[in-house]
Amino acid sequence: MTVVTNHGEGPPKIPVLLGENPGMATERYNPRASEPRWQKAWEEARLFETRNDDGRPTYYVLEMFPYPSGRIHIGHTRNYTMGDVVARYKRAKGFSVLHPMGWDAFGLPAENAAIQNKVHPKAWTYENIATMRSQLKMMGLSIDWAREFATCDVDYYHRQQMLFIDFYEKGLVTRKTSKVNWDPVDQTVLANEQVIDGRGWRSGALVEQRELAQWFFKITDYAEDLLQAIDSLENWPDKVRTMQRNWIGRSEGLSIRWALVESTAPAGESRLEVYTTRPDTIFGASFMAVAPDHPLARKAAEGNAKLAAFIEECRRIGTSAAVLETAEKKGFDTGIRVKHPFDPSWTLPVYVANFVLMEYGTGAIFGCPSGDQRDLDFANKYGLPVIPVVMPEGADAATFQITEESYSDDGVMINSRFLDGLTNKQAFEEVANRLEQEMLDGRPVAERKVNFRLRDWGVSRQRYWGCPIPMIHCDACGIVPVPKQDLPVVLPEDVDFDKPGNPLDRHPTWRNVKCPKCGADARRETDTMDTFVDSSWYFARFTSPHSDDPVERGAANRWLPVDQYIGGVEHAILHLLYSRFFIRGMRDTGHLDLAEPFKGLFTQGMVVHETYRSEDGRWLQPSEVRIESAGGERRAYEIATGKEVAIGPLEKMSKSKKNTVSPEEITESFGADTARWFMLSDSPPERDVEWTDDGAAGAHRFVQRVWRLVTEVAPAIEGVAPKASGEGNAAAISKPAHKALKAVGEDIERLAFNRAIARIHELVNELQGPFAALASADAATRAAAREATEILIHLIAPYMPHLAEECWARIGGNGLVAASRWPDYDPELVVDNLIVLPVQINGKKRGDLTIAREADQAAVEKAVLELDFVQKALNGALPRKVIVVPQRIVNVVA
RNA sequence: GCGGACGUGGCGGAACCGGUAGACGCAAGGGACUUAAAAUCCCUCGGGCCUUGCCCGUGCGGGUUCGAUCCCCGCCGUCCGCACCA
């Protein structure tokens, strides 16, 4: 046998692998010997290193890069396998494919490890990266490792500091004092997005509110654009697009200033500005409510101890979101009153209320109880009037009442003076138009205003292991950016973690610097950047990972946007929104020329496993448990003790519940190809997949089955020129092969990996019979078998690349499969001349009609009416109607 | 509360634009080969019945249609996201 490889080293040695069954004709495929050898062959041929000056059309496929926590998780493996299937397929289709890998390497766990194990965060991180890199390499991923970097590499964060300064100079970075979310366990500030149910996203600690000076990215400058552009992201899941829309939270309304009644107003206060999306309900107003930390509330509290106490109580409860969820709506009457903008004689009370948020709108509202359930509950509690102002169309204005349930839908205006009879939409316009004309203090009483829920992105973190913010505080000059020639600001390595807080804060030589402007003594900013900054542009850096500039503009424009991005849905808001902002920022600072980083997005499901728990409450690993099934019932026993253990529900693999299977366990027992195949079979990629031993064994059986099929057919097709045929015995081989070739290609394009796998199974089933009879077959059939075998190998190659190479070598194929073109299907072979049409009578299938493909409607109708079971059903009568759907079905209506 | 997705055999799931419901795999049962096991191969596998064939069946109840897993209306259930957003 001659095997030619394209890296000029002669034939790889194929060991004769005798299985555990000496004497049998067929050898077992041995992945442990085969997989490392092919990985080496690919590496030596440098097949996956991508050049920026390659003239072919580009395709950028990327999986979200991992955090180097220590070990690769099986969930990572599924994620990277999906990307790898796409990468290998697109490469075979003739694209220049960029498929890189890197490490999201800054972050808290490294510091926690430093505190707990006295190991430096840097050492810990790079050791983890080394381990995980070798784990990934075992999976046979077609990654361009020449572009690898970690975000904690000085080379990377140096460029991030350059971007920070560019953004600062462009006005996209600001420093402001604001109430921030403080995580008392991690001792750092969190962005709103990192607070989940009132708890830190990483520590799980209840978040406190603190006033701090912080660095912010002005993501709100792009709120409208980020929202509008969601419509253009056609290859994103609707779910993610909706989540982003809601997160940005655009609303159109009116900002209205109400005059305070002078005799009731605190000194120096005369106006109260509120934001409303329902100005149409202004005649239903019965109270005003301000947030506990609204300036007016604070003023009013100065001379009112009870009010001050109430505000204090709100603030205390306000920090605990768990309480907040069930918290009762409470208010406190300040005694201040406001005048209604359309009727100065009508005054309303001003309450401080615990449900009004200072962060949204103006921190003040007018309450319209009839149109808002929360306002209604509040009014009922404090005995405030409830005036219905909008009623459903057709209701009777005289009798329409609101008591326990508010009416917030569209309708007709009532009890609203000049608005009566209008729709609420018309009333909105009328109120807005009138109040825009009305003047107060020389300005209009009201202005139309678009409000966003989106807040600016606070990026300051009081932590060591992150990208230093390249800023200097000088008493004389204020805030001075580090000059670009002085970059990078390198993280000092001589730090200790003995005390809580940020070690940079107490690093004497690093922290104290001269002001770059005036030369006086100054202090470095000791905050580091949120790690979400690191991940907001790494995909752009991959296009030119060694560039002195953050990105090489030509390369970024050439490769971006990422054609297919794959990752977990947990990043639907944070990472994806930040990245969309960041690329806009990079565009506006001249680094590249696009707005959207990710053209296609796919959110994959998790790998789950059932859990096992012993009688005394210990979680057990799958490897510690023996499963027995009898009579359809499964029972689990702890191997060490023999005692029965409880089988729990499917859950995401986690260390705490021990329901994990490591990638090594799988590769050692079955090989990487089996793991890759199994993780993509059965479940659709967007759903969770359950890892089961039976399933993995089943996948391995298929690996062996393909190997057996190829090794058994090899002698009959050796040296035969491949040629498909639609005639005679050969057709039974060529037709299924070409149909599968077409279907599998289409399925991979749609990321329907599970369907592609089903088609490959079908093809193997269909080839089995004809291949077994090949010894006595004619030349045309052998040529077809050769061609079909080559097709089969190409079809499995994206999924099981090592097995594909081994099979390819066995049939004497040229070069490496990984370097060869995806075959083209023959359109002639994927259609049949005779088709089988199902025949229905009154919508129920009663039989089939086999007829020439090109038969016209009349011919089909005639043939159908001659069928026995049709005549029997019609019983001599004429059909009322015959519906012929070309190429699909016939329905006879009796 | 608001928004989104989903509901199909014992299980994971197919079914492309309204056109044969259950592809493919797993599990299970039966058989062949074997001294035996493993491996492999073959058969059965939604339910029911008067079993050459017929009836029922895609969470439930209606509707549209020659024809509905798919579209419409009303429920029930599960999961996910946001959540006092004015």
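If you're wondering where the values come from, they're calculated on a predicted model, not measured in any experiment. Numbered from 1 within each chain, the chains take letters A, B, ... in sequence-line order.
Comparing B:A86, B:C84, B:C41 by their closest approach to the side chain of A:Thr277 singles out B:A86. Looking at the side chain of A:Arg453, the nearest of the listed nucleotides B:A27, B:C24, B:C82 is B:C82. Here the side chain of A:Trp247 is nearest to one of B:A86, B:G4, B:A83, namely B:A83. The listed nucleotides are B:A14, B:G3, B:A86; the one nearest the side chain of A:Asn246 is B:G3. If you check B:C66, B:C41, B:C26 against the side chain of A:Asn891, the one that comes closest is B:C66.
Contacts of A:Asp238 with the nucleic acid, taken as non-hydrogen atoms under 4.0 Å apart, are absent. Within the nucleic acid shown, A:Thr242 comes within 4.0 Å of sugar-phosphate atoms alone, with no base atom in reach, counting heavy atoms only. Residue-level contact check: A:Arg846 touches the backbone only, with heavy atoms under 4.0 Å from sugar-phosphate atoms and none from bases. At the heavy-atom level, A:Val839 lies nowhere under 4.0 Å from the strands shown. If you check every strand for non-hydrogen atoms under 4.0 Å, A:Arg888 touches sugar and phosphate atoms only. Counting any heavy atom pair closer than 4.0 Å across all strands shown, A:Arg687 reaches sugar-phosphate atoms only and no base atom.
Taking atom P on both nucleotides, B:G67 is separated from B:C75 by 27 Å, rounded to a whole Å. Of the C1' atoms belonging to B:C70 and B:C16, the separation is 12 Å, rounded to the nearest Å. As rounded to the nearest Å, B:G77 and B:C24 have P atoms that lie 37 Å from one another. Comparing the P positions of B:U69 and B:U58 gives a spacing of 7 Å, expressed to the nearest Å. Look at the C1' atom in both B:A68 and B:G18: the space between them is 7 Å, to the nearest Å. Comparing the same atom, C1', in B:G57 and in B:G9 gives a spacing of 10 Å after rounding to whole Å. Using C1' as the reference atom, B:U64 and B:C84 are 43 Å apart when rounded to the nearest Å. Between B:G63 and B:G46, the two C1' atoms lie 27 Å apart (nearest whole Å).
A:Asn754 and A:Asp682 share no side-chain donor-acceptor pair at under 3.5 Å. Residues A:Arg241 and A:Asn246 bring no donor and acceptor atom of their side chains to less than 3.5 Å of each other. Between the side chains of A:Gln244 and A:Arg580, at least one donor N or O lies within less than 3.5 Å of an accepting N or O. In summary, the side chains of A:Tyr360 and A:Ser251 do present a donor paired with an acceptor at a separation below 3.5 Å, with no hydrogens or angles considered. A donor atom on one side chain and an acceptor atom on the other are not found under 3.5 Å apart for A:Ser408 and A:Gln373. Inspection of the A:Asp372 and A:Ser406 side chains reveals no N or O donor paired with an N or O acceptor under 3.5 Å.
Here A:Asp377 does not pair with A:Arg374 in a salt bridge; the nearest charged N to carboxylate O distance is not below 4.0 Å.
For the pair A:Arg448 (side chain) and A:Ser255 (backbone), a donor-acceptor distance under 3.5 Å is absent. Under a 3.5 Å cut-off, the side chain of A:Asn354 and the backbone N or O of A:Cys314 do not form any donor-acceptor pair.
In this entry the distance linking CD of A:Glu359 with P of B:A83 reads 12 Å, nearest Å. Atom C1' of nucleotide B:A83 and atom CD1 of A:Ile573 are separated by 12 Å, given to the nearest angstrom. Between A:Lys845 atom NZ and B:C56 atom C1' there is a gap of 17 Å when expressed in whole angstrom units. Between the CZ atom of A:Arg701 and the P atom of B:C24 there is a distance of 16 Å, given to the nearest Å. Atom CD in A:Glu712 sits roughly 12 Å away from atom P in B:U40 (whole-Å rounding). Following rounding to the nearest Å, A:Asp848 (CG) and B:U20 (C1') show an atom-to-atom distance of 7 Å. One atom, NZ of A:Lys739, and another, C1' of B:C16, lie 16 Å apart when rounded to the nearest Å. One interatomic measurement links the two molecules: CD of A:Glu686 to C1' of B:A5, which rounds to 11 Å at whole-angstrom precision.
Pairing each heavy atom of A:Pro31 with each of A:Gly671, the nearest pair is CB-CA, 3.9 Å. In terms of heavy-atom proximity, A:Asp280 sits nearest to A:Ala427 at CB-CB, 3.6 Å.
Along RNA chain B, the nucleotide nearest to A:Ala364 and the one nearest to A:Gln768 differ in position, and the one closer to the 5' end is contacted by A:Gln768. Annotation: of the two residues near RNA chain B, A:Ser683 and A:Gly843, the 5′-most nearest-nucleotide partner is A:Ser683.
Within the structure, every side-chain polar atom (N or O) of A:Arg708 is placed at least 4.0 Å from both OP1 and OP2 of B:A39.
Remark: B:U69 base-pairs with no nucleotide; criterion is Watson-Crick or G-U wobble with both hydrogen-bond distances under 3.5 Å. With a 3.5 Å ceiling on both atom-pair distances, B:A27 lacks any Watson-Crick or G-U wobble partner. Across all strands shown, B:A21 forms no Watson-Crick or G-U wobble pair with both distances under 3.5 Å. In a base pair of the Watson-Crick type (N1 to N3 plus N6-O4 or O6-N4) or a G-U wobble (N1-O2 and O6-N3), with each distance short of 3.5 Å, B:C75 is matched with B:G59. Shown here, B:C2 forms a base pair with B:G81; the pair counts as Watson-Crick or G-U wobble because both key distances fall under 3.5 Å. Nucleotide B:U51: unpaired (no Watson-Crick or G-U wobble partner with both distances less than 3.5 Å).
Of the residues in residues 759-766 of chain A, those lying under 4.0 Å from RNA chain B by heavy-atom distance are A:His761, A:Glu762, A:Asn765. A heavy atom lying under 4.0 Å from RNA chain B marks none of the residues of residues 744-752 of chain A.
In textbook terms, a nucleotide whose glycosidic angle is within 90° of 0 is syn, while B:G22, being further out, is anti.
Considering A:Leu803, A:Ile757, A:Ile760 as possible partners of A:Phe702, the one that fulfils the side-chain contact (heavy atoms from CB on, under 4.5 Å) test is A:Ile760.
Taking the six-membered ring where tryptophan is involved, the planes of A:Tyr29 and A:Trp707 are tilted, since the angle between them lies from 30° to 60°.
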